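Everything numeric here is computed off the predicted structure, so don't read it as measured data.
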Amino acid sequence: MNTSSPPISERYPPQVRHALQQLDAAGVKRSMSAPPLYRLFWRLGWGVAPPILTGFATNVLTTGAWFGIGWGTVMWLMLWRSTGMTGLGMVTTAVLAGLAFGVLMAVMLRYQRQRLGLPLWKDIAP
């Protein structure tokens, strides 16, 4: 196991702990295997898959949705509300930005998973 990784919390669901051990052994940095939002989910007892172990479409939707909502909100607060941009224009732009970001993240995560020879979440047995 990678000795530079922080310990895995006993509060995480068993399948998550097992997956994180495999990811540590494969040399995956904890920032990629256990992003902060996912660590919160796991502390709450939710057995959601680490993003590097999920499928392409799931990563497009999850990363794209979070990015689109966050980026769209920031853009509205900082710029769009004072420019007269229509609501439809704002939503369309945020959705397209989220989709582009989601696809890029999904490509990167799939490449990393395949390069390291990692299984998908459904293939990991606790």
Grouping I, L, V, M, F, W and Y whenever their side-chain heavy atoms are under 4.5 Å apart, do [X] and [Y] come out in a common cluster?
X    : Y   : answer
V28  : L37 : yes
M75  : L99 : no
L109 : L61 : no
W66  : V60 : no
M78  : M90 : no

Heavy-atom distance under 4.5 Å between the side chains of [X] and [Y], does that happen here?
X   : Y    : value
R30 : D24  : yes
W42 : S9   : no
Q21 : I8   : yes
W46 : L40  : no
V16 : F41  : no
P50 : W121 : yes
L44 : Y12  : no

Nearest 0.5 Å please: distance from the [atom1] atom of [X] over to the [atom2] atom of [Y].
X    : Y    : atom1 : atom2 : result
L104 : M108 : CG    : CE    : 9.5 Å
Q112 : S33  : CD    : OG    : 11.5 Å
H18  : Q22  : NE2   : CD    : 4.0 Å

For the backbone of Y111 and the side chain of R115, can you confirm whether one donor and one acceptor N or O come within less than 3.5 Å of each other? no
For R17 and E10, indicate whether the former's side chain and the latter's backbone hold a donor-acceptor pair under 3.5 Å.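 Yes.
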For the residue pair [X] and [Y], what are the closest heavy atoms and their distance?
X   : Y    : result
N59 : P51  : ND2-O, 3.0 Å
W80 : T83  : O-OG1, 3.0 Å
A34 : L20  : CB-CD2, 4.2 Å
I52 : R113 : O-CD, 3.1 Å
Q15 : I124 : NE2-O, 3.2 Å
L53 : L23  : CD2-CD2, 3.9 Å

For the residue pair F67 and W71, does the interplanar ring angle fall in the parallel (under 30°), tilted (30 to 60°) or perpendicular (over 60°) class? parallel
Go through L120 and T54 one step at a time and tell me if the side-chain contact (heavy atoms from CB on, under 4.5 Å) criterion holds. CA-CA 6 Å; L120 285 170; T54 57; over 6 Å; no
